[in-house]
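Right, one structure below, let's go through it.
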Amino acid sequence: MIVISFGTFDLMHIGHLNMLNRCKNYGDTLIVGVSSDSLNYEKKQRLPVFNEKNRMELIKNLKCVDEVFLEESLEKKREYIKKYNADVFIIGDDWKGKFDDLNDICTVIYLERTRDISTTSIIHNIKMYL
Ligand code: CTP
């Protein structure tokens, strides 16, 4: 089974690692789409702290990850799932229900997020307390 997942994975933290390790339990191969810098700029009007090359390199070198690619558009999930022949699409439950339409080409699973950590909260804490 081929599993595909997506995310920005900026300032890689334990929530990201937990998510990807759990994704791998659903199949033999885990492919991860890492959102591009420009995609993040469009979404949040700021660039990630770590650039796309370094974020891809960090994710690619995790034991549970077999392959990474650059996700260049949020609207292309269907295209990427087909391109990589993914059987299962997994993402955090902050997206619950948002990708149900993709159930016609693969199994869509929303996993519970790790509590009390996010890139946004890390940036906030650094700004507030350091
Ligand atoms: N994720 C998770 N648990 C967390 C944070 C993220 O399971 N505590 C998952 C997300 O649900 C997603 C993947 O990790 O499937 C990548 O998430 P991303 O949005 O890049 O990380 P966040 O820390 O949520 O970043 P931000 O605060 O910028 O939204």
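Atoms within each ligand, like the ligands themselves, are counted from 1 in listed order.
Here D94 has side-chain heavy atoms under 4.0 Å from ligand 1, and that is the only part of it that gets that close. Only side-chain heavy atoms of M19 come within less than 4.0 Å of ligand 1; its backbone N, CA, C and O stay farther off. Heavy atoms of R115 found under 4.0 angstrom from ligand 1: none, in either backbone or side chain.
Checking N54, I123, I126 one by one against V49, the side-chain contact (heavy atoms from CB on, under 4.5 Å) holds for a single residue, I123.
When all heavy atoms are compared, the tightest approach of R55 to D37 is NH2-OD1, 2.6 Å.
Within a 4.0 Å radius of atom 19 (O) of ligand 1, the protein contributes no non-hydrogen atoms.
Using a 4.5 Å heavy-atom threshold, the side chains of I59 and L20 count as touching. At a threshold of 4.5 Å between non-hydrogen side-chain atoms, the residues C106 and V88 do not count as touching. Looking at heavy atoms from C-beta onward, T119 lies in side-chain contact with H16 at the 4.5 angstrom threshold. Counting only heavy atoms from C-beta outward, the side chains of F9 and L58 never approach each other to under 4.5 Å.
Of all atoms in ligand 1, numbered sequentially from 1 with element shown, those under 4.0 Å from a heavy atom of S118 are 23 (O), 27 (O). Those atoms of ligand 1 with a heavy atom of I117 less than 4.0 angstrom away are 4 (C), 5 (C), 8 (N). Residue contact check: T8 has heavy atoms under 4.0 Å from atoms 20 (O) of ligand 1. In the vicinity of H16, heavy-atom distances shorter than 4.0 Å reach the ligand 1 atoms 6 (C), 14 (O), 16 (C), 17 (O), 18 (P), 20 (O), 21 (O), 22 (P), 23 (O). Listed by atom number, the atoms of ligand 1 under 4.0 Å from G92 heavy atoms are 11 (O), 15 (O).
Not one N or O on the side chain of N18 forms a donor-acceptor pair closer than 3.5 Å with the backbone of T114.
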Go through the steps to decide whether T8 and N40 satisfy the test side-chain hydrogen bond (donor to acceptor under 3.5 Å, both in side chains), and finish with yes or no.
-> CA-CA 8 Å; T8 303; N40 278 276; 3.0 Å; yes
Start with the C-alpha distance between E72 and S36, add both sets of side-chain angles, then the distance that settles side-chain hydrogen bond (donor to acceptor under 3.5 Å, both in side chains), and finish with yes or no.
-> CA-CA 6 Å; E72 304 207 68; S36 70; 5.3 Å; no
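The closest protein non-hydrogen atom to atom 6 (C) of ligand 1 is R113 NH1, 3.5 Å. Atom 16 (C) of ligand 1 has as its closest protein heavy atom F9 CE2, 3.6 Å.
Checked against a 3.5 angstrom limit, the closest N/O atoms of K44 and ligand 1 fall inside it. At least one N/O-N/O distance between T119 and ligand 1 falls below 3.5 Å. For the pair T120 and ligand 1, the shortest N or O to N or O distance falls below 3.5 Å. Between G7 and ligand 1, no N or O atom pair is found at a separation short of 3.5 Å. Distances between N or O atoms of T114 and those of ligand 1 include at least one value under 3.5 Å.
Taking the six-membered ring where the residue is Trp, F6 and F69 present perpendicular rings, their angle passing 60° and hence far from 30°.
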